[in-house]
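Okay, structure first, notes after.
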Amino acid sequence: MSLTEETRAPAVLPDAEAFSLIDAGGAAVPEKQRRGYDLPDIDVLKELYRRMVIARRWDTQVTALTRQGRLSTYPSARGQEASEIGTVAAMQDTDWLFPTYRDSIAVWSRGVPTAELLSGFRGDWHCGWDPNEHRTAPQATPLATQTLHAVGFATAAKLKNDPIATVAFIGDGATSEGDAHEGFNFAGVWQAPTVFVIQNNQYAISVPIAKQTRARMLADRAVGYGIPGYHVDGNDAAAVYTIVSEALERARSGGGPTIIECLTYRMEPHTNSDDPSRYRDAEDVAAWKDKDPIDRLEKYLTAQDAIDDALREEIAKESEDAAAAMRDAMNAEPALDPMELFEHVYNAPRPALLEQRNALKAELDEISDGGRVN
Amino acid sequence: MSLTEETRAPAVLPDAEAFSLIDAGGAAVPEKQRRGYDLPDIDVLKELYRRMVIARRWDTQVTALTRQGRLSTYPSARGQEASEIGTVAAMQDTDWLFPTYRDSIAVWSRGVPTAELLSGFRGDWHCGWDPNEHRTAPQATPLATQTLHAVGFATAAKLKNDPIATVAFIGDGATSEGDAHEGFNFAGVWQAPTVFVIQNNQYAISVPIAKQTRARMLADRAVGYGIPGYHVDGNDAAAVYTIVSEALERARSGGGPTIIECLTYRMEPHTNSDDPSRYRDAEDVAAWKDKDPIDRLEKYLTAQDAIDDALREEIAKESEDAAAAMRDAMNAEPALDPMELFEHVYNAPRPALLEQRNALKAELDEISDGGRVN
Amino acid sequence: MAKTTETAADPGVTQPAKAAKPLTMAAALNTAMRDALTEDSNVVIFGEDVGPLGGVFRITDGLTRDFGEDRVWDSPLAESGIIGTAIGMAMYGLRPIVEMQFDAFSYPAFEQIVSHVAKMRNRTRGRVSLPIVIRIPTSGGIGGVEHHSDSSEAYWTHTPGLTVVTPSNPADAYSMLREAIASDDPVIFLEPKSHYWMKEGTPQSGPALPMNKAAVVREGTDVTLLSYGPTVAVALKTAKLAEDEDLSVEVIDLRSLSPFDDETVGASVRKTSRAAVIHEAAQFGGYGAEVAARVTEREFYHLAAPILRITGADIPFPAPLLEKHYLPTPERILNALSTWEWEV
Amino acid sequence: MAKTTETAADPGVTQPAKAAKPLTMAAALNTAMRDALTEDSNVVIFGEDVGPLGGVFRITDGLTRDFGEDRVWDSPLAESGIIGTAIGMAMYGLRPIVEMQFDAFSYPAFEQIVSHVAKMRNRTRGRVSLPIVIRIPTSGGIGGVEHHSDSSEAYWTHTPGLTVVTPSNPADAYSMLREAIASDDPVIFLEPKSHYWMKEGTPQSGPALPMNKAAVVREGTDVTLLSYGPTVAVALKTAKLAEDEDLSVEVIDLRSLSPFDDETVGASVRKTSRAAVIHEAAQFGGYGAEVAARVTEREFYHLAAPILRITGADIPFPAPLLEKHYLPTPERILNALSTWEWEV
Ligand SMILES: Cc1ncc(C[n+]2csc(CCOP(=O)(O)OP(=O)(O)O)c2C)c(N)n1
Ligand SMILES: Cc1ncc(C[n+]2csc(CCOP(=O)(O)OP(=O)(O)O)c2C)c(N)n1
Ligand SMILES: [Mg+2]
Ligand SMILES: [Mg+2]
């Protein structure tokens, strides 16, 4: 087998109009605008709804605790639930997710326990979970770097003939980094089973998308890599789920990578230490509130008689449980062992590092209360 | 003034067919395939021919002297004369060129004297000419880095309202680097007056273009940046000159950047130390000989009765003069002053560096023959 | 857009007066850029979030508003692109000031910095100089999450062609940044982020010390502590504590990491005959190694004991709740000094 | 495609036998990769021109032919992409060997190497290790044009999480590369390009020395020369010349730059009481600074003189015709040693 082939991909411009299945008002998009796609099964939609509601509750709780100082920082994904959950709901258990700092709710929704997930933002360890157990890489902070990890991982799976795909989340701002290009390009050349989900939430901290690209849209980048590109309404979980599912299936069955731009909006500040009033108008935020991903799905499901009070209550309870578990996890003192700092740097033991470890040990032993320096 | 605007560029797919005005047989391309362009003036074509012939003779001479060991290395542009000369002939004196190691003939054709130009490849100093004097940046070795220099320079000119454009040459392989993306993207966002000339000579040392991109062609990348993209027959000097001229005029008059892919072929090894028999067939090379950029223009001009023996002779003489001057320059011992090594590292003098300088001075003084160590 | 004049900034007239009132370091830096933008129309500022937001640390606060978007603007999010285009602008004759949001986010620009910014002048026999200032909020101490607390100085100081300086107080922040902007050499300007909001500094009277000189910020006779950026405060605290142990500690703020002020440091070490260098970065191959090696080379026969390095451990910078175990503290420094044989 | 077995490479059984016949270093490295590819189907090799061409130095010659394109292949031309995808592959369970064509061309990958390769294991509490070997033809001596002669070791050795080794002879090249491939830690493997075609090495009898140990390659009593990679040969030449001056020089080949073998070096320095470290990279903040600083820290009271550094000057690597003035020579080393006060 050879990773690359002589064949060149045809050049296809993505549709300018963002693909949508359920509009902002909660109505199904007319069939002739659906480009041949059906809405997902009602059970899938209910599940998306459930996961989004709980994720938002969880996210809200994390933001609240961050404001109270229990976490060092937290980048909220409020408003992006359809992109986050629509994507991970489309993944199989064996697929791998390569998330960013923004994507905690996606990671949480994949089953990583709160305390492990929030290690990094609380500050007890950089990554608290076992990536292999949850098939979820650490949340990447250096922007766009994770796209290449996702491509390498997927390529390895391809080389081993394992039907595994990877998903790399990336923000709109991060697409300007060289690594984003290299990620897209390597994926195209190696036909890696990777789905790139660009969450275009319109801002990179304070910088609006117009300062990141002159192109019509980020999905247009796909043309230059010979990769199929999609522009999707990122606040429509049905649309995100549909396009990501298709892309993942294509990837797993040898059809190569896909670039999907989800048009969405970051409702919260970049992180708790950001001040959006310096760079965007409250009206913009309000306008996007009308496109809320959860509201619209709720309206649709209500109109379909697919949710009743029992389900609402069940979800509300699950949400409160998630929030309570989150609070409990963050209110419990984290287990901190300064000696662990020296443990994972290398597999092969190093005498000089042991000396440094022992010096810290001696220092701490000297301190009367046994384990705390000033 | 603001560098970026809210306006998004429309998405336009470049024509798949490489644009050409004079075909491989030396005939003018039929008018209806010329996309509305006329052939350049006959005087322009004669000048292109003259400069290409001399450039090839010069390049051949450099290759020969490199084989004899007078130069440390030399990457020849044989076969790429139409792209190299067609481009620089379209530039105004005030425009700046940002070349690579491949583009010595372009630099030479801009008037940089041989001895200064070949400093780097002979090995007496990294860059031998004054970039400001020749409005030509040093030849970049770290791939794709120069695209950003060209964009920054052009942006500065734009900020100062100076009608100056920049040209960045870049190879097909180098377009895979992150910096190529960042160069294209910054140019798009800032609407920098920069023309990117991708010389797709089909190989990056040994690696064929199919291993660099899955896209139809490199010009397709332009779509993702909202930049006009062109796919040009890079062995047709008339076509290259026409498209680059237009792009430069657009750039100088506020119309922003352009990406031009010139499809061509590297007839020589990557450098003298390369062995192309390991990665490409002699037949491929032979096939490209039939598309030779100089032959075709000569045929066209001959058919037009635009060259006579007098002109041929004149050009032959100029060529031999250039070759002789080249030989003389390289056969003269380069002026080497080890003390100069310490002179240009910083503008602000450093005592510790002076100590190192003096140590070398003492070492050299000690050596009887006055200036040579072992 | 604010009015600008064509007067080039003059390195000779850095005005410490402006920074003499108690400013935060953030304000001092902001003022330095403001003054430079006013005096020299070739000064431009760009980078990630440096425009309307004023940078994530607000160091460029108000500059876009006051000088316009063609002097101070937000670039696309790409560090190699920022440095690469700054190179082109400097070739044109501008004097770009760019910000890397954190040390670790300068790494994508490593090639542009090491292979071009550092080498362009030498490559072109002095014909093309690159008066670029690369501002980097450096080091830890603010509980930053991963990648937000690196100290990258050793990478830059090992690279010939770069000038690397770091202020430890507002007055220096002002005068050194002015001088860096006026310098024809490219300057890596490391700003200790934990000090941005500190008002106290080391007030200086008289004209500002040139940025390539170290400052003796506290005189002493028994030991010289060599510190810079965020560790100057730690060294001063140590000196204070050492008084209880009857140890007279001289503290030097190196200020300029490259070039290194051999003269000032040498004079101090010849006096005290003992020295230690303090930094946050990992020890192995850290900047302290150069300090220890060169001072030992030059002053070996004046040294009563080896030069010690009290630094971060050879591990990645820890997560926020563990960073206190990593950062050098006065206690750790005093402990280290006590390991010397004192009765030689 | 060649047959491969699932047997994992065993670091314990590096087979110096294979390298015992007089091979060039190039052939030794090629053989090491060949053996690893044969023994472990998870070993893959990719990078620029490593396929049909066999790399610009032909170190991977014939490997694509013999193992197929899904084991050894040409990647797109992008170093960050190469390292970044290698990280993903290693996370999957492969053991990628990648080549950076020259030191300076590893710089575009600096962020991936420093922020991920070095830190992934620590970040994940040891759950994700990255058994990646990054091969880099290093240093000068071949008259390379600009950017082709850098010595980048100081950047890597300062970065916790990386293992950095460099062989100086074919036997070591074989055994150390085998061990690097078998290591679960990421390894920066620096290959002195000026030595690729040298056959002479330091023949070793018995099992190969582990890659984290320094080797005493020549015994002596008066001075210890600490060398590595391309400077081992220079140090040995110096030792030979020093015989004429009745100076007995011990030469150590450090082999492993990170970790540093304190034990072997310490024992030698305690014996000779004088040491100098030799490298090609610029001196300021170079690897020699760490060597001088740490050996002085540990052996101060055994030292009769400061540890000297004979290194490249603090300037960008010169153009080919001037490099001889930059590279450390035996004459320069002997000159330096003569600056010591010898009658203490
Ligand atoms: C290489 C790098 N440069 C800079 C940063 C600092 N930074 C963190 S988030 C961010 C903005 C990212 O915006 P975007 O990609 O749109 O993602 P979003 O935060 O909107 O989800 C920046 C500049 C970083 N983490 N990594
Ligand atoms: C950043 C970087 N990586 C690797 C190299 C080594 N290198 C020099 S030329 C070359 C191939 C470039 O191919 P291409 O861009 O197609 O240009 P061409 O040589 O064909 O003109 C490589 C890999 C380099 N100079 N810079
Ligand atoms: Mg965003
Ligand atoms: Mg090419």
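The sequence lines fix the lettering, A, B, ..., with proteins before strands; numbering per chain opens at 1.
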What pair of heavy atoms forms the shortest contact from C/A304 to D/Y301, and how long is it? O-OH, 3.3 Å

Answer with side chain, backbone, both or neither: which region of C/L257 has an atom nearer than 4.5 Å to a non-hydrogen atom of chain D? backbone

When only pairs under 4.5 Å are counted, which of D/H158, D/R309, D/E111 shares the most heavy-atom pairs with chain C? D/H158

Polar side-chain atom of D/E290 near backbone of C/G285 as donor-acceptor pair, under 3.5 Å: yes

Residue part contacting chain D, namely of C/T159, when any heavy atom lies under 4.5 Å: both

Classify the angle between the aromatic ring planes of D/F284 and C/F260 as parallel (below 30°), tilted (30 to 60°) or perpendicular (above 60°). tilted

Quick one: pull up CG in D/L303 and OG1 in C/T296 and give me the separation to the nearest 0.5 Å. 9.0 Å

Please look at D/Q283 and chain C and tell me whether the side chain, the backbone, both or neither of the residue comes under 4.5 angstrom of a heavy atom of that chain. both

Among D/Y287, D/F110, D/Y107, residue most engaged with chain C (heavy-atom pairs, under 4.5 Å): D/F110

All heavy atoms of C/P316 vs all of D/P160, minimum pair found to be N-CB, 3.9 Å

What option among C/G288, C/A104, C/G286, C/S258 has the most heavy-atom pairs under 4.5 Å with chain D? C/G286

Measure the spacing between CG of D/N122 and CD1 of C/I315 and express it to the nearest 0.5 Å. 7.0 Å

For chain C, which candidate among D/R294, D/E297, D/E79 shows the most heavy-atom pairs at distances under 4.5 Å? D/E297

Can you tell me which portion of C/E146 sits under 4.5 Å from chain D's heavy atoms? Options are side chain, backbone, both or neither. side chain

So what's closer than 4.5 Å to chain D heavy atoms on C/R298: side chain, backbone, both or neither? neither

Quick check: do D/H147 and C/S115 have side-chain heavy atoms less than 4.5 Å from each other? yes

